[in-house]
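Keep in mind it's a predicted model, so treat the numbers as computed, not measured. Every heavy atom of this structure was used, including side-chain atoms; hydrogens, water molecules and symmetry mates were not.
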Amino acid sequence: MAGSSVTVDLSQAMITAHVAAADWLVVAPSLITILGGSLCLMLRKHTSLQPKLGNAFLGLLVLANLALLARVLDHGIITMVMGNWLPPFGIAFTVDTLGATLSLIASIVAFCAGIFGSATVDATGRRYGFYPFLLLLMTGVCGAFLTGDIFNLYVWFEVLLISSYGLLILGNDRIQLDGAVKYGVLNLIGTNLFLIATGLLYGIFGTLNMADIAMKAAALEGAATGTLATVAALYFLAFAMKAAAFPVNFWLPASYHTPNVVVSAVFAGLLTKVGVYALIRVFVLILPESRAYMADVIALVAIATLMTGAIGALAQSEVRRLLGYVVIAGIGAMLAGVAVGSTLAVSGAVFYAVHSIIVMTALYMAAGVMKLIGGSYDLRKLGGLYNKNAAFAAVFLVLAFAVSGLPPFSGFWPKIILVDAAFADGRAWLAAAILLSGFLTTLAMGRVWIFAFWRGGPEGTPDGELATATATEGSASLAGGAIWVPLGILTALVIYFGLQPEWMLELSTQGASGVVEPLGYLRSVFGEQG
Amino acid sequence: MTPALIDDTTLYAVLAPFAAAVVAPFATRWLKHNAAWPLALVPALIFLHFTGFIGPVSHGETFVAAKAWAPSYGVNFSIYIDGLSTLFALLISGIGTFIILYAGGYLKGHPQQGRFFSFLFMFMGAMLGLVLGNNLISLFIFWELTSITSFLLIGFDSLRAASRRAALQALVVTGGGGLALLAGFILIISATGEIEMSVLLASPDIIKDTGLYLPIFILVLGGAFTKSAQFPFHFWLPNAMEAPTPVSAYLHSATMVKAGVYLLMRMHPLLGDTTLWTTVLPLFGGVTLIIGTLLAVRQTDLKLMLAYTTVASLGLLVMLTGTSHEKALEGAVLYLLAHSLFKGALFMVAGTIDHEAGTRDITKLGGLRSAMPITFAAACLAALSMAGLPPFIGFVAKEVLYYGTWGWLELGIPVTITAVVGNALMLVIAAAVAIKPFMGPKVETPKHAHEGPVLLFAGPVFLSVTGLGLALIAHTTGELFVGPTLSSLMGVQTEVDLHLWPTAINAPLILSLITIGLGIVCFTQIDRLRAVVGSVLTSIGWGPDKGFDQAVAGIVAGSGRFTRFAQNGKMQTYMVLTFIFTGIAVLLPGFLTGGLPAMPSLPDYRFYEWGILFIAAIGLFAVLVADTRLTAIVSLGIQGFAVALIFMMFGAPDLSFTQFMVETLSVVILALVMTRLNLLPSDHRPKGAAIFTGIIAGAVGLGLTLTLLAITQAPFDTRLSDFFAQYSRTIAHGRNIVNVIIVDFRGFDTLGEIAVVVLAGLCVLALIRVRTRPDKPIETPPTKPAKPIAEEAH
């Protein structure tokens with residue numbers, strides 16, 4: 001300390017206690033993905049090495065998230081401040097059940113996508129960064145789920161946006177670039193609104209730590225509550241754009257059908273859910289009064305999103321576009337949970353997010369398989385898949401029923417919880433919209449099943465006949481395990497969470513109560529005086 | 001009486017069919033169609049298990065068994081055994097045994113026979129879980145599973161368009177009803193706080209007392225009416241006849257379609273005996289009964305005739321359940337039992353005829369009695385029961401139900417007349433089904449007809465003989481099956497005294513005679529009747545079945561129109577809408593909450609400060625009036641430089657420097673890009689559009705300004721800046737606070753931003769270097785849809 005004449009009392013500025021070794025798990029997801037991403041980037045010319053390396057790191061990420069969740073379940077919420085600065089001065093990562101659960105599920109999905117990608121992403125795609133983009137996308141996703149600092153959350157949103165943009169343009173097809181422009185510009189506006197809102201929020205509270213803001217917001221009174229309402233509205237708009245809620249969902253249908261199908265799978269699973277997560281974190285944990293104030297608006301947006309998604313899905317004859325709208329319908333269901341805001345409702349939204357992450361990724365993968373063995377994404381050109389591959393048909397059927405919210409699959413439980421919570425809150429219309437949207441989704445998915453699987457062949461195949469195979473049957477076996485293993489894992493999870501929902505019910509309930517009653521969260525950051 | 005807790009054996013009995021569903025394909029691969037024999041043991045054993053409950057249940061005992069399933073949400077896999085559920089469980093497993101055998105013979109040699117067994121077993125398990133279900137949620141899960149398995153079974157012959165359509169139709173109608181039921185159940189759970197049926201039944205008024213009786217009633221009826229094919233949702237059931245006959249016999253006559261009736265009966269103590277109940281149910285049931293029988297008369301296809309009478313019978317059951325009158329309910333229970341037996345048998349007979357003769361059109365059939373004597377005998381026994389003639393269970397049922405309806409004070413007369421007409425027409429169909437194919441001269445059929453194998457006739461024979469047997473021991477039947485079931489419906493222990501032969505000449509007997517007479521008259525005139533019904537239907541020209549197609553087509557077309565409107569593919573629309581919502585977000589809350597800032601006083605600026613502001617304003621003005629895009633870009637740069645100067649004056653040289661760099665680079669890069677882009681040099685939007693976007697931009701700007709003013713008018717909490725200033729040098733060893741913030745206090749943000757820069761570089765690389773190749777396997781863009789359904793139709 002040359003030159004400093006005063007002795008500094010470190011305990012006034014820094015956490016002096018050592019971080020328990022196991023608590024380093026908090027930063028493990030960020031470390032693994034950044035290191036892995038950089039390594040893959042440096043070795044990007046070794047295209048055959050890329051999948052091995054990328055998947056190894058993604059596998060490691062799953063393990064780290066698993067250990068992190070176990071740690072949180074064991075020891076309660078963990079806070080770690082970067083640089084050991086006392087909160088709220090440093091950037092805090094505060095990991096609760098909500099964040100850890102979503103982080104784990106997201107990494108499982110990314111791992112599956114990594115494996116799937118080793119079959120569907122060609123050498124050019126690998127060379128120009130599929131695995132680095134995917135790994136750094138996960139830096140953004142996991143960082144967003146784990147951070148306890150609202151500006152840091154913005155940073156992870158940026159990482160997520162730019163890496164997803166990279167994935168979106170891989171391949172450089174004309175249609176991809178058209179989708180990418182719309183995706184990029186609209187999402188950039190959303191991210192900028194997030195940044196503006198965060199700047200304004202900092203202006204009101206003078207702090208960026210989520211727990212700190214939550215405490216100050218609870219104590220806020222007078223005219224400032226009105227200003228806070230504007231900031232909350234901006235946040236809602238920004239996150240609604242990210243989550244693709246109606247009427248700011250344009251970017252999703254414009255882009256999800258354009259990239260490599262595995263990229264669509266990752267997007268459908270993860271991107272929108274991060275937006276929903278941010279809504280839960282900001283509106284339920286940090287600004288509960290703004291949430292209550294805006295509840296009717298959120299409910300209205302939820303209903304509109306539920307219906308647009310389902311209606312849009314019905315209108316499509318291209319499987320990937322159809323699935324894009326199904327993603328949107330699911331967002332509506334999660335927003336319903338935010339609109340109601342009770343522990344039950346938020347737990348429903350969390351469970352739904354988990355379900356949606358898994359099932360939407362799996363469905364896009366299934367769409368890829370449909371293309372592989374059926375030769376098209378177009379319902380008018382598909383047919384006979386039921387007779388071609390019964391096991392795949394079974395997988396698709398499970399996923400279709402799951403996404404429609406039919407039992408005994410993963411979509412059923414969050415649906416009944418959300419309907420229950422909406423009724424309990426006196427929002428019968430919201431409950432009705434959730435059910436109606438599920439009904440229309442059933443119809444949309446039923447159409448896919450009937451045309452692509454049951455019908456003997458493409459449109460125009462004579463009734464009662466099986467068209468002679470048009471697509472090469474061999475192409476699916478070429479892909480082999482890299483296609484079937486990830487699809488199998490995700491489908492197994494869909495069935496598992498359907499038949500044995502208890503574990504996920506407990507996690508989502510604990511996650512929800514952690515944000516609805518944030519005392520534990522605040523104490524984790526500020527100790528007992530919080 | 002509180003139900004006794006029993007061990008888990010019965011729970012496993014419910015799950016056993018699911019295990020059989022897993023085994024079935026393998027067994028079928030190994031044993032071919034003869035796998036039916038060992039597989040049929042599963043339902044047979046389940047049947048045996050449930051016979052053990054007959055005795056105790058008839059003494060008024062009830063049982064529950066439960067396993068925790070999703071305890072966090074109060075969901076158990078629990079069952080409730082009383083008279084009603086025992087009767088249904090016996091029907092499901094008993095008839096199921098013969099259906100499995102029948103399916104073994106019927107689909108002999110079919111490549112997907114194993115899969116078929118699987119679906120049947122899954123259905124069986126679901127149906128058992130439904131009728132035994134105690135926990136409302138697990139009951140609902142099994143309810144939906146029956147819809148799903150029904151979907152798979154109706155579409156079993158998936159290459160035919162009619163099968164596919166019928167399957168989707170059934171799924172949509174019953175699935176839609178299922179959602180209503182789910183809403184109803186959730187309302188019950190949240191209004192009463194109870195989730196177990198047995199607990200609810202213990203306090204019969206619990207739902208009526210909640211004040212939510214009406215919505216619950218409507219929602220539960222939505223589920224029951226769709227499942228049990230009540231008018232106007234009846235149309236899916238005849239279409240479901242596209243399924244192979246074992247399915248029609250099992251799901252669509254004997255068991256699944258009775259799930260709705262089951263539910264109404266199960267909830268009768270909770271929801272029944274209200275004015276609403278005794279008005280709505282008899283009305284819909286009666287209409288369904290009459291329409292069903294009339295439509296049945298019109299058909300010439302054996303299966304369709306039977307299907308429409310099933311609709312009619314379900315109508316009759318709902319009508320009777322709707323009376324809430326003890327004797328009529330007793331008639332309903334008896335009729336339910338009788339119907340399952342005779343209709344199951346008749347469907348199998350129809351299937352056997354189809355299988356052996358190659359057609360099931362009664363106008364192309366005749367004289368089969370000598371070729372298929374056993375089938376003929378079974379058909380006769382079942383048809384006599386259906387016709388309601390002694391000494392069959394159908395007769396006993398009819399006597400009791402007439403007794404009930406005749407004695408019902410409220411609406412007894414119209415209900416009785418409806419029942420008489422319906423039953424008379426039912427007799428007509430029964431006669432037509434049993435007589436036409438077998439009697440008369442031999443007609444040449446597509447296949448040379450002969451008696452089916454034992455697998456095919458075991459079921460019809462056994463079921464039709466049971467129909468006779470149960471009538472002969474009518475008193476015991478009443479004691480063991482009807483009484484306990486009626487007790488469940490009444491909610492109190494109720495004794496039933498049944499006898500086969502009427503003890504006196506009374507109203508029911510006379511009504512029976514009228515029914516038979518009317519039936520015989522109609523049968524002699526069946527061709528004329530068929531023509532009349534046919535011409536009436538043709539003149540109406542529209543029915544719910546057609547309506548279904550129109551509705552689906554309408555929904556799909558409407559969805560297309562809406563989606564093309566909401567997602568028109570134009571970036572400009574998206575941007576305008578996005579900024580409209582931004583404007584609303586920044587303006588509206590301020591006005592609503594009064595969070596607007598106080599009017600700021602004119603600041604005391606020095607002249608050069610005013611000067612810089614003026615330059616910035618000039619820059620903006622120049623952007624607006626610029627002729628060409630290039631001028632606009634440069635003008636925007638002027639405004640940017642002015643902002644940089646402001647930063648400089650307020651003591652932020654680093655920020656100012658960054659701003660200068662950013663502005664310079666943006667102007668240069670944008671100008672470069674403009675020269676490469678194939679754009680018009682200037683913006684040629686009409687005045688109106690420019691003003692419109694101007695207003696939006698102004699609103700967003702105004703809103704943000706007001707918010708910023710409001711925030712800056714409040715005192716700012718400088719805790720963070722103070723902390724950074726205090727410890728930047730002493731602990732973090734840096735004099736430049738901004739640098740320390742970037743690399744230490746908030747170093748993790750910087751790490752993220754570095755990642756962003758790297759990724760951006762990689763994106764640019766990928767954009768520049770990758771050339772599209774035409775032969776990529778998976779990412780070729782989809783062909784343009786015939787109708788421009790959504791985006792990118794360029």
- Item | CA sep, side-chain torsions, deciding dist, call: Phe581(B), Val248(A), side chain to side chain contact (heavy atoms under 4.5 Å, CB included) | CA-CA 8 Å; Phe581(B) 292 115; Val248(A) 282; 3.9 Å; yes

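Using a 4.5 Å heavy-atom cutoff, the side chains of Phe133(A) and Cys763(B) are in contact. Between Arg164(B) and Phe453(A) there is no side-chain heavy-atom pair separated by less than 4.5 Å. Using a 4.5 Å cut-off on side-chain heavy atoms (C-beta onward), Gln316(A) and Thr563(B) make contact. Residues Phe579(B) and Ile189(A) are in side-chain contact: their nearest non-hydrogen atoms beyond the backbone lie under 4.5 Å apart. Between Leu237(A) and Val586(B) there is no side-chain heavy-atom pair separated by less than 4.5 Å. A heavy-atom distance below 4.5 Å is found between the side chains of Val75(B) and Trp413(A). Counting heavy atoms from C-beta outward, Leu720(B) and Pro88(A) have side chains that approach closer than 4.5 Å. Two residues are said to be in side-chain contact when any heavy atoms from C-beta on lie closer than 4.5 Å; Ile416(A) and Ile186(B) meet this criterion.
Contact annotation for Leu406(A): only side-chain heavy atoms (C-beta onward) come within less than 4.5 Å of a heavy atom of chain B. Within the 4.5 angstrom heavy-atom criterion, atoms from both the backbone and the side chain of Leu592(B) approach chain A. In this structure, chain B has a heavy atom under 4.5 Å from the backbone of Glu465(A), while its side chain stays farther away. For Leu765(B), the parts lying near chain A are the backbone and the side chain together; criterion is any non-hydrogen pair under 4.5 Å. Of the atoms belonging to Leu228(A), not a single heavy atom falls under 4.5 Å from chain B. Contacts of Gln112(B) with chain A are made by side-chain atoms alone, with heavy-atom separations under 4.5 Å and no backbone atom involved. Within the 4.5 angstrom heavy-atom criterion, only side-chain atoms of Leu182(B), from C-beta onward, approach chain A. Both the backbone and the side chain of Leu435(A) come within contact range of chain B, with heavy atoms under 4.5 Å apart. Proximity to chain A is absent for every atom of Leu588(B), based on heavy atoms less than 4.5 angstrom apart. Only the side chain of Arg115(B) comes within less than 4.5 Å of a heavy atom in chain A; its backbone stays farther off. The contact between Met14(A) and chain B is made entirely by side chain atoms (from C-beta outward), counting heavy-atom distances below 4.5 Å. For Leu136(A), the part lying under 4.5 angstrom from a heavy atom of chain B is the side chain only. Using a 4.5 Å cut-off between heavy atoms, Leu41(A) touches chain B through its side chain atoms alone. Interface residue Leu466(A): backbone and side-chain heavy atoms are both found under 4.5 Å from chain B. If you measure heavy-atom distances from Thr712(B) to chain A, you find no contacts under 4.5 Å at all. For chain B, no part of Thr139(A) is nearby; none of its heavy atoms comes within less than 4.5 Å. Of the atoms belonging to Thr147(A), not a single heavy atom falls under 4.5 Å from chain B. Of the atoms belonging to Ala13(A), heavy atoms from both backbone and side chain fall under 4.5 Å from chain B. Contact of Phe423(A) with chain B is made through the side chain alone, with heavy-atom distances under 4.5 Å. Heavy-atom distances place both the backbone and the side chain of Leu179(B) under 4.5 Å from chain A. Neither the backbone nor the side chain of Arg127(A) has a heavy atom closer than 4.5 Å to any heavy atom of chain B. Both the backbone and the side chain of Ala183(B) come within contact range of chain A, judged by heavy atoms closer than 4.5 Å. Residue Val764(B) does not touch chain A at all, counting heavy-atom pairs closer than 4.5 Å. For a residue to count as touching a neighbouring chain, one of its non-hydrogen atoms must lie under 4.5 Å from one of that chain's; by this rule Leu193(A) touches chain B with the side chain only.
Taking CG from Leu767(B) and CD from Gln176(A), the interatomic distance works out to 10.0 Å, rounded to the nearest 0.5 Å. To the nearest 0.5 angstrom, Leu708(B) atom CG is 11.5 Å from Thr230(A) atom OG1.
The minimum heavy-atom distance linking Pro408(A) with Ile141(B) is given by the pair CB-CG2, 4.4 Å. Taking every heavy atom of both residues into account, Glu506(A) and Ser72(B) meet most closely at CG-OG, 3.5 Å.
Comparing Leu186(A), Leu440(A), Asn249(A), Thr442(A) by heavy-atom pairs within less than 4.5 Å of chain B, the highest count is held by Leu186(A). Heavy-atom pairs under 4.5 Å with chain A were tallied for Gly703(B), Pro589(B), Ser721(B); the largest tally goes to Pro589(B). Ranked by heavy-atom pairs under 4.5 Å with chain B, the first of Gly456(A), Gly203(A), Gly166(A) is Gly203(A). When Phe723(B), Tyr73(B), Phe151(B) are compared by the number of non-hydrogen pairs under 4.5 Å with chain A, Phe723(B) comes out ahead. Among Val27(A), Thr227(A), Leu443(A), Leu397(A), the residue making the largest number of heavy-atom pairs under 4.5 Å with chain B is Thr227(A).
Two rings, from Tyr727(B) and Phe89(A), have their centers 6.0 Å or more apart. For Phe412(A) and Trp143(B), the ring centers sit 6.0 Å or farther from each other. Checked against the 6.0 Å centroid threshold, Trp85(A) and Phe724(B) do not count as a close aromatic pair. Under the 6.0 Å cut-off for aromatic ring centres, Phe716(B) and Tyr202(A) qualify, their centroids lying closer than that.
One N or O on the side chain of Asp463(A) and one on the backbone of Ala161(B) form a donor-acceptor pair closer than 3.5 Å.
Checking Asp749(B) against Tyr154(A) by side-chain atom types alone, no donor-acceptor pair falls below 3.5 Å.
Using cut-offs of 30° and 60° on the angle between ring planes, the pair Phe562(B) and Phe246(A) is tilted. Using cut-offs of 30° and 60° on the angle between ring planes, the pair Phe250(A) and Tyr574(B) is parallel.
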